[in-house]
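Some notes on the structure that comes next.
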Amino acid sequence: MSSVLDQRPAPAVAGPRPAPPRRRTRMLALPEARWALAALVLFLVALPLDLLGAPAWTWGPLFAATYVTGGWEPGWEGLKALKARTLDVDLLMVVAALGAAAVGQVLDGALLIVIFAASGALEAVATARTADSVRGLLDLAPPTATRSLPGGGEETVAAGDLKVGDIVLVRPGERIGADGHVLEGASDVDQATITGEPLPVTRQAGDTVFAGTVNGTGALRVRVERDPADSVIARIVRMVEEASGTKAPTQLFIEKIEQRYSIGMVVATLGVFAVPLAFGSALQPALLRAMTFMIVASPCAVVLSTMPPLLSAIANAGRHGVLAKSAVVMERLGQVDAVALDKTGTLTEGTPRVTGIRPLPGSGLDEDGLLALAAAVEHPSEHPLARAVVRAARERRLSPPEALGFTSVPGQGVSAGVEGRTVRIGSPARLPAATGTAAAAVAELEEAGQTAVLVLRDADPVGVIGIADRLRPDAAATVAALTALTGRAPVLLTGDNERAARHLAAQVGITDVRAGLLPQDKVAAVRAWEAEGRKVLVVGDGVNDAPALAAAHTGVAMGKAGSDLALETADAVVVRDELAAVPAVVALSRDARRLVVQNLAVAGVFLTALVAWDLIGTLPLPLGVAGHEGSTVVVGLNGLRLLRETAWKNAVRRGAA
């Protein structure tokens, strides 16, 4: 008798697989976000009233409230910075906004206040979300563990109370509570959170296990070898916190001259006001000249030179599935000159798939027959390799025969009765019949970087099935594009085994392979390159990639299967999992940087001409305001060019060139 796979009920997972709860700070729980929202609402209410010519008493108080709600916090921070003998550009923006209001440009000043309040709110949200993810990472380790007592009993204790030398029992489906060595038992353990390996690994007596990893179907007795506060998962938390805290604060291009410009403008404004008074000028003309100077010399156009191109690039990239978390991130993407790529979930899809089917001579089976036989036995199993086999049979629309008496031996494989014969499936290293032609087929598949699964029927080998994590279709093209953009071939950093890593690297054109790495090893590699002066882009997706993402000049996470921590730690997220979007967004960032330079040149010409006119001659205030606002409009429109669809297409073309 036969049945169709789709008609069978899905197998139940043996034991719970707890997921860490998300503990996210609500956006409006942050005062910066609340004040920015209030300023924006007030501005949007006042704007149409002003533009439609309503009486000043209708929109004046609303604009005043906009100044207060959006400007008090950056103004206060600026005053505190001033007390510490640092002139903050935010304070200068508040003063410029007040100066604009003083000479009748209330709308312009309010818009400037709203822009800066929104920018500060976004920065506060990003910081809070990263802190949430780091705290949530600790939830990967279970809160309790089952400790064996000397007399033979058991007790449930907090995982944090375990000590070196304790013996803990890890039941099927549980998370392991501490780093240690297996004393008894055998099981397949999912270590993806630590090593990034795509498939569970067999763990038995003498093997090392890590806190936070998920036990499979077998029971393990583990001797604790490391204090829970010093476990690998706890060290990942510390590395992310340290890397995020010690990374030098990034500044946009214009902010590099912030202090000099700010101090120079204040001094110059005071001079423009005081010098004429000293030579006998009347107060009102001197004040009017100084206010005109403050308006035309204010950095509005200079600030807008930077933000519109970067924000336009962010919006365009977002439409195409790449979320850059700030203008700083978009600027940094264009600066990278070295790339480090993760393997599983980044260059590969992160899901095991059947990639080779080898029926053996004399078995009487073809590829479909071998796959159907294996799927019949594997169907009740929850192991990732079993799911890959069942998925492959379903995709071929096969109807496997009925299997009876299913049994699973952790670390060895599964068996069942099929049509009156005993069928066993497992690792060739664990089954005694992997010799002759079977051994040759196993060697062929493993040499190609696949995991080999041997199928026995009544103790006789009938075939070998190869399973591997499939390479993304655009992986090779992406590696070539990143090589062209940075002038260096990307490096592969992975926790997977050397042979699988090198086989995949050869397929995509990577020669520098670092395999078998733990999270701290990836961080060490990134910091070594940074010490050489390189600006490293790290692309990854897992918890084990998060410290490297934080330590790198710029981190990009693959979003479809990316861990919460990786998504929050990374500077940008590829939401659609299109790897080719990475070189495209780097090229788009470089376009944005070129527009920033153009805008700074235009703003500088306008500013210099207007300031010279005001100092040498007499610049009428309306003309000064018109010139100042005109330069702002010009640079703003120039920056908005990157919103066009052609901007992304050009970036994709250059990224693929």
Side-chain angles (χ1 to χ4, degrees), residues 119 122-123 126 247-256 303-341 474 477-488 490 529-530 533-540 549 552-559 569-576 578-601 635-636 638-657:
S119 176
L122 291 176
E123 182 179 356
K247 185 188 295 184
T250 309
Q251 294 178 314
L252 296 174
F253 179 78
I254 189 57
E255 291 176 346
K256 296 176 183 178
V303 170
L304 286 177
S305 296
T306 301
M307 294 305 292
L310 295 173
L311 294 177
S312 297
I314 289 174
N316 202 337
R319 290 202 307 266
H320 294 89
V322 182
L323 301 182
K325 295 184 179 179
S326 70
V328 170
V329 170
M330 183 54 69
E331 184 196 36
R332 289 168 71 94
L333 280 166
Q335 299 171 347
V336 299
D337 57 11
V339 180
L341 300 170
D474 52 358
T478 298
V479 169
L482 291 171
T483 302
L485 284 169
T486 63
R488 294 186 179 92
W529 291 320
E530 297 274 2
R534 299 186 190 180
K535 296 180 178 178
V536 182
L537 168 65
V538 172
V539 186
L549 291 170
H553 178 267
T554 312
V556 174
M558 303 301 291
T569 304
D571 301 300
V573 178
V574 182
V575 177
R576 299 175 188 169
E578 297 172 352
L579 192 59
V582 175
V585 77
V586 171
L588 186 66
S589 171
R590 294 185 177 183
D591 289 342
R593 285 167 57 81
R594 279 192 289 270
L595 284 187
V596 167
V597 173
Q598 292 177 13
N599 282 348
L600 288 173
V635 299
N638 190 44
L640 295 178
R641 289 163 50 197
L642 290 184
L643 284 172
R644 298 178 300 177
E645 183 67 21
T646 54
W648 179 261
K649 292 180 179 178
N650 292 336
V652 171
R653 186 170 57 252
R654 280 192 303 279

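Since we're looking at a predicted model, the values are computed, not measured. Values below: every heavy atom of this structure, side chains too, minus hydrogens, waters and symmetry copies.
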Practice task
For Arg488, check side chain to side chain donor-acceptor pair (under 3.5 Å) against everything at least two apart and list the hits.
Solution key: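 Applying side chain to side chain donor-acceptor pair (under 3.5 Å) to Arg488 gives none.
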### Message
Checking Asn316 now: which residues fulfil side chain to side chain donor-acceptor pair (under 3.5 Å) with it, not counting sequence neighbours?
### Response
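Asn316: side chain to side chain donor-acceptor pair (under 3.5 Å) contacts with Arg319, His320.
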**Residue pair Glu331, Val596: steps toward the side-chain contact (heavy atoms from CB on, under 4.5 Å) verdict** = CA-CA 10 Å; Glu331 184 196 36; Val596 167; over 6 Å; no
- Task: Please check if the side chain of Arg590 supplies one atom and the backbone of Ala587 the other of a donor-acceptor pair under 3.5 Å.
- Result: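 No: the side chain of Arg590 does not pair with the backbone of Ala587.
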First locate atom [atom1] of [X], then atom [atom2] of [Y], and finally report the distance between them rounded to the nearest 0.5 Å.
X	Y	atom1	atom2	result
Arg593	Gln335	CZ	CD	4.5 Å
Lys535	Thr486	NZ	OG1	13.5 Å
Met558	Leu579	CE	CG	5.0 Å

Search all heavy atoms of [X] against all heavy atoms of [Y] and return the closest pair with its distance.
X	Y	value
Arg534	Ala338	CD-CB, 3.9 Å
Ala651	Ala584	CB-O, 3.5 Å
Asn599	Pro309	ND2-CG, 3.5 Å
Asp474	Ala580	OD2-N, 3.0 Å
Leu549	Ala570	CD1-CB, 4.2 Å
Pro490	Thr483	CD-OG1, 3.2 Å

Validation row: [X], [Y] side chains within 4.5 angstrom (heavy atoms):
X	Y	value
Leu341	Val479	yes
Asn638	Leu595	yes
Val556	Leu333	yes
Val339	Leu485	no

List the residues meeting side chain to side chain contact (heavy atoms under 4.5 Å, CB included) with Ala317, not counting sequence neighbours, and say none if there are none.
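Partners of Ala317 by the side chain to side chain contact (heavy atoms under 4.5 Å, CB included) criterion, ordered by chain and then number, come out as Val322, Met330, Val585, Leu588, Trp648.
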